[in-house]
Visitor: 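Pasting in a structure now, in structure tokens, and then I'll have a few things to ask.
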Amino acid sequence: MAQSVGIKDVARAAGVSVGTVSNVINRPDTVASETRARVLSAIDRLGYVRSESARQLRAGRSRIMGLLVLDMGNPFFVDVARGAERAARDAGLGVMVCNSAQDPGEEAEYLSLFAEQRVRGVLLTPADATGRNIDAFRRHNIPFVLVDRVAEGATECSVSVDDVAGGALAVRHLVDAGHRSIAYVSGPPGLTQVRDRRTGALNALAEAGLGPDQLRALPTERLDVAAGRDAGARLLGLADRPTAVFCANDLLALGVLQAMYAAGVNVPDDLAIVGYDDIEFAAAAAVPLTSVRQPAVTMGALAAELLLEETEADSATRPHEHRRVVLQPELVVRRSSLPGR
């Protein structure tokens, strides 16, 4: 393997000091034109490329922002990344996107990687419900913003959607359509978003004078299509099958829809389905999916902007104030919950 050309090699070839080469690269006006031409000729001849990462580490101002999400296979997080990347690019930064795969162990490893790389800051959707990974990361004094989760303390910013309101929107819609027995395909119950959406669902039932026993929980280990298909199979095996299903995200809902289609169950006449996130595939499903829309691109952009504000703040003249931004969800009604249309 060929060795990379370093600044010392350029200095040796041009017959100058390393400091002179550095001045040619960073402060060319301070170097005599003849010497500058000799150094530039050596750079061109040797194919030297400056290490931007090394320069940024010396300056303590990395141009990379970390983004760690639960599942890059979920289009919702792709949209979050799009929003973050757009805001970072406008500020002259890049984004390092990593996927915890809903695994606290992988989350810890990526947070350690971000610390090693001394990124400018991190946008994080936590996978670890205990908070231990976040507590460990705080020791590195690298700013971070929570995405799709409300910050519980005053030590960081967050951008989220009101998931309690979102869960209420979904179940209120089903109750208004006449459903009195509803399943909640929830995903991992340890996730804050999953719990909040269930709370909203229960609130909507209470508003209608219905008890919590009208919401039957079908937890899954993951938030993907395969887990939705498994939940659909369990739903089909129930003797007193609910007439409607609210799913914690659209991937679960699409999996339930696939299971119903394979079993010959008509959606929505035999079973109404409501998802969450309103990913692009929701409208394109065989039976277009009713879903609670989250403004994912906006969420990513706002989180990146908050992180940039914090990293550019001056504690003496312009101190940063941590903020919690909570966006409002919107119900998008489609065929999957509207029988007889």
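Since the model is a prediction, treat every value here as computed from it, not as a measurement.
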Visitor: Does any N or O in the side chain of D277 come within less than 3.5 Å of the main-chain N or O of I279, such that one atom is a donor and the other an acceptor?
Guide: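 Judged by distance alone, no pair lies under 3.5 Å.
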Visitor: If hydrophobic residues (ILVMFWY) are linked whenever their side-chain heavy atoms come closer than 4.5 Å, directly or via other members, who joins I134 in its cluster?
Guide: I64, L68, M96, Y110, L111, L113, F114, V119, V122, L124, F137, I142, F144, L146
Visitor: Taking only residues two or more places apart in sequence, or in another chain, which ones meet V18 in a side-chain contact (heavy atoms from CB on, under 4.5 Å)?
Guide: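 In terms of side-chain contact (heavy atoms from CB on, under 4.5 Å), with neighbours along the sequence ignored, V18 is linked to I7, K8, A11.
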Visitor: Would you indicate whether the side-chain heavy atoms of Q294 and Y276 approach each other to under 4.5 Å?
Guide: yes
Visitor: My understanding is that only residues two or more places apart in sequence, or in another chain, count here; which of them pass salt bridge (charged side-chain N to carboxylate O under 4.0 Å, His left out) with R132?
Guide: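 Per chain and number, R132 pairs via salt bridge (charged side-chain N to carboxylate O under 4.0 Å, His left out) with no residue.
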Visitor: Could you note down all residue pairs passing ring pair (Phe, Tyr, Trp, His ring centres under 6.0 Å) where residues 183-224 supplies at least one of them, sequence neighbours left out?
Guide: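 Listed once each, the pairs are Y184-F246.
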Visitor: Once rounded to the nearest 0.5 Å, what's the spacing between atom CG of L289 and atom OG of S336?
Guide: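 L289 CG to S336 OG: 4.5 Å, rounded to 0.5 Å.
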Visitor: Heavy atoms, side chains only, cut-off 4.5 Å: are E312 and H320 in contact?
Guide: no
Visitor: Would you indicate whether the side-chain heavy atoms of V274 and C247 approach each other to under 4.5 Å?
Guide: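 No - every pair of side-chain heavy atoms lies 4.5 Å or more apart.
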Visitor: Does R139 have any side-chain contact (heavy atoms from CB on, under 4.5 Å) partners at least two apart in sequence or in another chain, and if so, which?
Guide: A136
Visitor: Under the side-chain contact (heavy atoms from CB on, under 4.5 Å) rule, collect the residues that match up with N203, sequence neighbours excluded.
Guide: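 Residues passing side-chain contact (heavy atoms from CB on, under 4.5 Å) with N203: V164, T199.
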Visitor: What pairs with T298 under side-chain contact (heavy atoms from CB on, under 4.5 Å), at least two apart in sequence or on another chain?
Guide: P295, L302, L327
Visitor: Only pairs at least two apart or in different chains count here, so list each salt bridge (charged side-chain N to carboxylate O under 4.0 Å, His left out) that has a residue in residues 237-249.
Guide: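 Pairs touching residues 237-249 that pass the test: R216-D240.
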Visitor: To check you understand the geometry: which heavy-atom pair defines the closest contact between V326 and V161, and what is its length?
Guide: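 Taking V326 first and V161 second, the nearest heavy atoms are CG1-C, 4.2 Å.
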Visitor: Could you give me the CA-CA distance, side-chain angles and deciding distance for D148 and Q193, then say whether side chain to side chain contact (heavy atoms under 4.5 Å, CB included) is met?
Guide: CA-CA 8 Å; D148 197 29; Q193 299 92 324; 3.2 Å; yes
Visitor: Would you say T35's side chain and V31's backbone share a donor-acceptor pair under 3.5 angstrom?
Guide: no
Visitor: Do any pairs count as a salt bridge (charged side-chain N to carboxylate O under 4.0 Å, His left out) and have a residue in residues 177-188, sequence neighbours left out, and if so which ones?
Guide: none
Visitor: Check whether any side-chain N or O of S100 sits under 3.5 Å from a backbone N or O of E107 as a donor-acceptor pair, and report yes or no.
Guide: no
Visitor: If you round to the nearest 0.5 Å, how far is CG of D135 from CG of D128?
Guide: 9.0 Å
Visitor: Does T243 reach the main-chain N or O of L271 with its side chain, forming a donor-acceptor pair under 3.5 Å?
Guide: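 Absent.
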Visitor: Compare every heavy atom of L236 with every heavy atom of A263, then report the nearest pair and how far apart it is.
Guide: CB-CD1, 3.6 Å
Visitor: Do side-chain atoms of D163 reach the backbone of G166 as a donor and acceptor pair under 3.5 angstrom?
Guide: no
Visitor: Return yes if a side-chain donor-acceptor contact under 3.5 Å exists between S291 and D250, otherwise no.
Guide: yes
Visitor: Can you name the closest pair of heavy atoms from A13 and L46 and give their distance?
Guide: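 Of all heavy-atom pairs spanning A13 and L46, the closest is CB-CD1, 3.9 Å.
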Visitor: Quick one: closest heavy-atom pair of A87 and A304, and the distance?
Guide: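 For A87 versus A304, the nearest heavy atoms are CB-CB, 3.7 Å.
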Visitor: Compare all side-chain heavy atoms of L215 with those of L202 and state whether any distance is below 4.5 angstrom.
Guide: yes
Visitor: Tell me whether R12 contacts the main-chain N or O of G15 through its side chain, where contact means a donor paired with an acceptor under 3.5 Å.
Guide: no
Visitor: If only atom types and distance count, is the side chain of S186 paired as donor or acceptor with the main-chain N or O of P189 below 3.5 Å?
Guide: no
Visitor: Might you confirm whether atom CD of Q328 has over 12 heavy atoms from other residues, nucleotides or ligands at distances under 6.0 Å?
Guide: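 Yes, because the 6.0 Å sphere around CD of Q328 holds more than 12 heavy atoms from other groups.
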Visitor: Could you tell me whether a side-chain N or O of R63 sits under 3.5 Å from a main-chain N or O of G92, the two making a donor and an acceptor?
Guide: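 Present.
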Visitor: Measure across S160 and R149 and return the closest heavy-atom pair with its distance rounded to 0.1 Å.
Guide: CB-N, 3.6 Å
Visitor: For the CG atom of N249 and the CZ atom of F76, what is their distance to the nearest 0.5 Å?
Guide: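 N249 atom CG to F76 atom CZ measures 9.5 Å (nearest 0.5 Å).
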Visitor: Show every salt bridge (charged side-chain N to carboxylate O under 4.0 Å, His left out) that has at least one partner inside residues 170-179, sequence neighbours left out.
Guide: R172-E207
Visitor: What's the shortest heavy-atom distance between G300 and L123, and which atoms?
Guide: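 Result for this residue pair: O-CD1, 4.4 Å.
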Visitor: Between R120 (side chain) and M65 (backbone), is there a donor-acceptor pair under 3.5 Å?
Guide: no
Visitor: Going by the side chain to side chain donor-acceptor pair (under 3.5 Å) test, which pairs reach into residues 252-262, not counting sequence neighbours?
Guide: R229-Q258
Visitor: Output every pair passing salt bridge (charged side-chain N to carboxylate O under 4.0 Å, His left out) with a member in residues 74-88, not counting sequence neighbours, ordered by first then second residue.
Guide: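 Listed once each, the pairs are D79-R82, E85-R89.
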Visitor: Would you check if the side chain of H140 reaches a backbone N or O of A115 as a donor-acceptor pair within less than 3.5 Å?
Guide: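 No; judged by distance alone, with no hydrogens or angles, the pair does not exist.
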Visitor: Without hydrogens or angle criteria, can the side chains of H173 and S337 be said to hold a donor-acceptor pair below 3.5 Å?
Guide: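 Yes.
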Visitor: Salt bridge or not for D278 and R334, using N-O below 4.0 Å?
Guide: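 R334 and D278: salt-bridged.
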